[in-house]
Amino acid sequence: MPELPEVETTRRGIAPHILGQRVQAVQVRDPRLRWPVPADLQEQLVGQQVEAVDRRGKYILVRFQSGHLLVHLGMSGRLRVLPGPGVPPDRHDHYDIVFVSGATLRYTDPRRFGTCLWLAGEPGAHWLLRGLGPEPLDAGFDGAHLHRSGAGRRVAVKNLLMNAQVVVGVGNIYANEALYRAGIDPRRAAGRIARARYDRLADAVKAVLAEAIEQGGTTLRDYYRGDGSPGFFALHLGVYGRQGERCRVCGDAVRQVVVGQRSTYYCPSCQR
DNA sequence: ACTGGATCCTGACTGC
DNA sequence: TGCAGTCAGGATCCAG
C-alpha cells in the first residue's frame, strides 16, 4: 500500500511528536507481522530518547542511542501518534510505544504484512537495507542509472522501476504514473529503451513522487496520514484506476492489463 | 544471473 | 441480505 510518498508523509507526521521523547513502555498485543515483533523490544527501548526519525525507501527508521527501530508498513500498515495513553486499542492495533509524556506511537496493520524490528549497530548493514538501490529523489538516481540497470534485460520496464534493488520507494501506483508521464509503455522490455527516454522516465519518477509528497500521499482506501486526514494525490492520478476513462492528454481510453501480476494502467496512444 | 509465479493475511467490493 | 469470488498500495522465496 504505502509507497514512498505515503511513508514520507507518515514520517513527517509523527516526527515532531516523538523527537526527543523518552520511552516509558512498549505494549505488543500481537507480534505476528511479516517477522515476529522482537520479544525484547521493551527492554531495548525503555528509558531511551528518540534522536531522529529517518526514512530509507519505504522503511521508517527511528533512531535511539543504542540502535534503530525499523518499521515497514507493508500493504495496510499505519503509524500514528495518539496524544495520550489509554486510548482503547482496536482489533488490528498490534503495538504501542508509550512515551513518558503520555504520547503514544500506535501501529495498526490488518493484513500484517508490515515489519517491526530492532537494529543494533549500523542500520545500513542490515540484510533488509543492504543492497537497496538509490533514493529516487537523490542525485544518484537518474536516466543513466536506469539505463545501466536495464541493460540487456527483458523484464518489463514497470517491473524494473518497482525493483527495490534498482530504485527504492516506487510501487504500483507511482510506477504507472511515472511511465504515463514519460510516454513509455509499461510492458516494454527494460533493455530496449533508449537512454534519452530513461532520462525522461527518471525525471517523471522524481516529479510524480515530489508532487505526491506535497499532496500528502494518495488515499485510495485505508491510507491516512498521522493525523487521520487523507492524502489528496488521488485527484492528480493520470492513469491509475482510470481504466475506460479518457486520457487527460489525448482523450483516448485508458487501458488496464496485468504486468508482473499487478494491475497496470496506460494510455495506448501516449505510451509506446 | 534473470524471470515469473506462489505466498503471507484480512477486508472491501462485486455479482449472483 | 447472504455468500462466493476477486482484488488490493509489498516484498521474499523458490523453481526453472
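What you see is a predicted model, and the numbers here were worked out from it, not measured in a lab. Reckoned from all heavy atoms, side chains included, excluding hydrogens, waters and symmetry mates.
- Side-chain contact check for A:Gln44 and A:Ser66: no donor-acceptor pair (N or O, by modelled atom type) lies under 3.5 Å.
- Each of A:Arg111 and A:Leu128 has a nearest nucleotide on DNA chain C; the 5'-most of these lies closest to A:Arg111.
- Picking from C:dA8, B:dT10, B:dG4 the nucleotide with the shortest atom distance to the side chain of A:Arg112 gives B:dT10.
- Surrounding CZ of A:Arg29 are more than 12 heavy atoms belonging to other residues, nucleotides or ligands, all under 6.0 Å away.
- OP1 or OP2 of B:dT3 lies within a sub-4.0 Å distance of a side-chain N or O belonging to A:Arg153.
- Atom-to-atom, CG of A:Leu73 to C1' of B:dT10 comes out at 16 Å; the value is rounded to the nearest Å.
- Proximity note for A:Glu6 (side chain, C-beta onward) versus B:dC9, B:dG4, C:dG9: the nearest is C:dG9.
- Atoms CZ (A:Phe113) and C1' (C:dA8) sit 10 Å apart, rounded to a whole Å.
- If you take CD of A:Gln165 and C1' of C:dT12, they are 11 Å apart, rounded to a whole angstrom.
- Between A:Leu117 atom CG and C:dA11 atom P there is a gap of 14 Å when expressed in whole angstrom units.
- For A:His92, no side-chain nitrogen or oxygen approaches OP1 or OP2 of B:dC9 to under 4.0 Å.
- Of the side-chain N and O atoms in A:Arg34, none sit less than 4.0 angstrom from OP1 or OP2 of C:dT12.
- A salt bridge between A:Glu8 and A:Arg12 is present, with a side-chain N of the basic residue lying under 4.0 Å from a carboxylate O of the acidic one.
- The base-pairing partner of B:dT14, taking Watson-Crick or G-U wobble contacts with both distances under 3.5 Å, is C:dA4.
- The phosphate of C:dA11 has OP1 or OP2 within less than 4.0 Å of a side-chain N or O from A:His72.
- Along DNA chain C, the nucleotide nearest to A:Trp35 and the one nearest to A:Gln261 differ in position, and the one closer to the 5' end is contacted by A:Gln261.
- C:dG9 atom P lies 22 Å from atom CD of A:Glu8, rounded to whole Å.
- Rounding to whole angstrom units, CG of residue A:Leu161 and P of C:dG9 are separated by 15 Å.
- When Watson-Crick and G-U wobble pairs are counted only if both distances are under 3.5 Å, B:dC9 pairs with no nucleotide at all.
- Residue A:Arg32 is out of contact with every strand shown, counting any heavy-atom pair closer than 4.0 Å.
- When the P atom of C:dA8 is taken as reference, atom CD1 of A:Ile173 falls 11 Å away, rounded to whole Å.
- In this structure, A:Tyr240 and A:Tyr265 have perpendicular ring planes: the angle between them is above 60°, well past the 30° mark.
- Phosphate contact (OP1/OP2 of C:dG9, side-chain N/O of A:Tyr240, threshold under 4.0 Å): present.
- Rounded to whole Å, the distance from CZ on A:Arg262 to C1' on C:dG9 is 7 Å.
- Among the protein residues, A:Leu33 comes within range of no part of the nucleic acid, since none of its heavy atoms lies under 4.0 Å from any strand.
- A:Tyr59 and A:His72 have perpendicular rings, their planes meeting at more than 60° on a 0 to 90° scale where under 30° would count as parallel.
- The shortest distance between the side-chain N/O atoms of A:Arg91 and the OP1/OP2 oxygens of B:dT10 is not below 4.0 Å.
- Side-chain polar atoms of A:Thr10 and A:Arg55 form no donor-acceptor pair below 3.5 angstrom.
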